[in-house]
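Throughout, a chain's letter reflects where its sequence line sits, starting with A, and its residues are numbered from 1. Keep in mind that the numbers below use all heavy atoms, side chains included, and drop hydrogens, waters and symmetry copies. Nothing here was measured: the structure is a model prediction, and the numbers come from that model.
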There are 2 protein chains.
Amino acid sequence: MNTTSRTEENYLKAIFQLCERSDEPIATNAIAQAMQTSAASVTDMIKKLSKKELVHYQKHKGVRLTDTGNSLATSLVRKHRLWETFLVKKLNFSWEEVHEIAEELEHIPSKKLINRLDDFLGNPKFDPHGDPIPDADGNFTFRKQISLPELAEGAEGILVGVQDDTMPFLQYLNKFNLTLGTKIKVIERFAYDDSTKIIINDEREQILTNKVCLNLFVKTISI
Amino acid sequence: MNTTSRTEENYLKAIFQLCERSDEPIATNAIAQAMQTSAASVTDMIKKLSKKELVHYQKHKGVRLTDTGNSLATSLVRKHRLWETFLVKKLNFSWEEVHEIAEELEHIPSKKLINRLDDFLGNPKFDPHGDPIPDADGNFTFRKQISLPELAEGAEGILVGVQDDTMPFLQYLNKFNLTLGTKIKVIERFAYDDSTKIIINDEREQILTNKVCLNLFVKTISI
DNA sequence: AAATATTTTTAGATTAGTCTAAAAATACTT
DNA sequence: AAGTATTTTTAGACTAATCTAAAAATATTT
Ligand SMILES: [Mn+2]
Ligand SMILES: [Mn+2]
Ligand SMILES: [Mn+2]
Ligand SMILES: [Mn+2]
């Protein structure tokens, strides 16, 4: 059978996301943690995906996606991010509400549906959290971005993405009106507690902890 | 647990649709046929739904929805029809393509999502097949409509709905540009083969078989 | 290089949903 | 009213996905 169950899809997407930064094969335990399940269940599923040639797998050696697996996962990410964009742009959801709903919508199978949705939204390149949306062929648009701690003292940047896109962090950012597109100027860094003083949109001063700064991506402004 | 699985939802919707015309309890076999499954599976599921108090059930006496079951099924119909409307109105799908996709989308759980979608679409009262869309409280809008055979010779009507909304029939209607909103005038009925001669939009003559006429709902025009 | 700790796999059970075949109940004929 | 046909339920088995507990493999420490 050439069909993938919802569960298999969720595993593929989890593996894809764990792959994103490292070229290393992904450990069973890492997947278990990402999927909130037991290592035993992961081993079971890995065997199944391996038999379907969606992952490369050798016992005790970890797992990595095959080309088929990768393109399947990419298509899930595409669907997820397009639906998130739809929810924010057309249905006026806030950026912290959409992830959960998109987790469901990403499993709707129709290719035609997702391509029509893409067109309807004007073929957006980035989702509400600043993450790139792969096109119908699976190509991502990359953007020159740095995390806030890399921005020099005195320099300015535009907030274009977040590392952490969970509810609590996004709600925290809402409190300070730190939405995508906001201008951030780094005023001063304090070695004492690793905090950073910034100015938001040339208006308001704000102190950010290092934990927050590490989760913000900015695009530098060439003045 | 107060949660309904996708499978349970599909059974509830099937029972709801079988209930629509008759007040009689629904037979196991009828459900089996609607769900394309075995009578044994239906009995299993009925027991489960009965334990959850979503249906009233006595052995060999058939099944009917409880109030909870009914409102759950109504909410599914609402979601199905709103998504169908979205697909046609916003994503330019044709009316015969949307049912299959809506069968998936109707299981997306968020109440907020569906209410936002409803607003986004301008709170439509009828779906692309002319079927009424229940509002958030489960109330349907009824419309005075008759099937084409009930329209008197010489009288005119507007096509507002179809009885059969399967692919083959809708594609058949497409061939003659018989879309919702089309004006139909009954010219003559032929007893010989039970066929009917109509004029479409004051322009084109057409012969329809009785089978087709029975599947068309019109609203009479008061001249 | 042994001993210990951690990770991964296997073994065996469980639950939801399905199936076929047989038994039981109900409905229809004569 | 008895016999036949149909419908419905039960019994028992299967698959996908999960779990816990134990065994095996690998990694880390001494
Ligand atoms: Mn997301
Ligand atoms: Mn996102
Ligand atoms: Mn439909
Ligand atoms: Mn419809």
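Among residues two or more places apart in sequence or in another chain, the side-chain hydrogen bond (donor to acceptor under 3.5 Å, both in side chains) test is passed with D131(B) by none. When the side-chain hydrogen bond (donor to acceptor under 3.5 Å, both in side chains) test is applied to N29(B), no partner is found at least two apart in sequence or on another chain. Remark: S38(B) engages S41(B) in a side-chain hydrogen bond (donor to acceptor under 3.5 Å, both in side chains) (not counting sequence neighbours). Partners of K79(B) under the salt bridge (charged side-chain N to carboxylate O under 4.0 Å, His left out) rule, at least two apart in sequence or in another chain, do not exist in this structure. Listed by chain and residue number, nothing satisfies the side-chain hydrogen bond (donor to acceptor under 3.5 Å, both in side chains) test with S5(B) (two or more places apart in sequence, or in another chain).
Taken residue by residue, residues 31-42 of chain B places heavy atoms nearer than 4.0 Å to DNA chain D at A39(B), A40(B).
With rounding to whole Å, I26(B) atom CD1 is found 15 Å from dT7(D) atom P. Atom NZ in K61(B) sits about 14 Å away from atom C1' in dT9(D), given to the nearest Å. Atoms CE (M45(B)) and C1' (dA16(C)) sit 8 Å apart, rounded to a whole Å. In this entry the distance linking CG of D44(B) with P of dT10(D) reads 9 Å, nearest Å. Counting to the nearest Å, the C1' atom of dT9(D) and the NE2 atom of H60(B) are 5 Å from each other. Taking atom CD on Q58(B) and atom C1' on dA25(C), their separation rounds to 14 Å, with Å as the unit. Separating the CD atom of E24(B) from the C1' atom of dT26(C) is a distance of 16 Å, rounded to the nearest angstrom.
Closest to the K59(B) side chain, of the nucleotides dT9(D), dT18(C), dT26(D), is dT9(D). Closest to the N29(A) side chain, of the nucleotides dT26(C), dT18(D), dT7(C), is dT7(C).
Nucleic acid contact for T7(B): sugar-phosphate only, since backbone atoms but no base atoms lie under 4.0 Å from a heavy atom of the residue. At a threshold of 4.0 angstrom between heavy atoms, the contacts of K47(A) are confined to the sugar-phosphate backbone, with no base atom among them.
Close to dT18(D), at under 4.0 Å from its OP1 or OP2, lies a side-chain N or O of Y11(A). Regarding contacts with the backbone of dT9(C), a side-chain N or O of T28(A) is found under 4.0 angstrom from either OP1 or OP2.
When only modelled atom types and interatomic distance are considered, E96(A) and S94(A) share a side-chain donor-acceptor pair under 3.5 Å.
The side-chain heavy atoms of Y172(A) and T166(A), taken from C-beta on, include no pair separated by under 4.5 Å.
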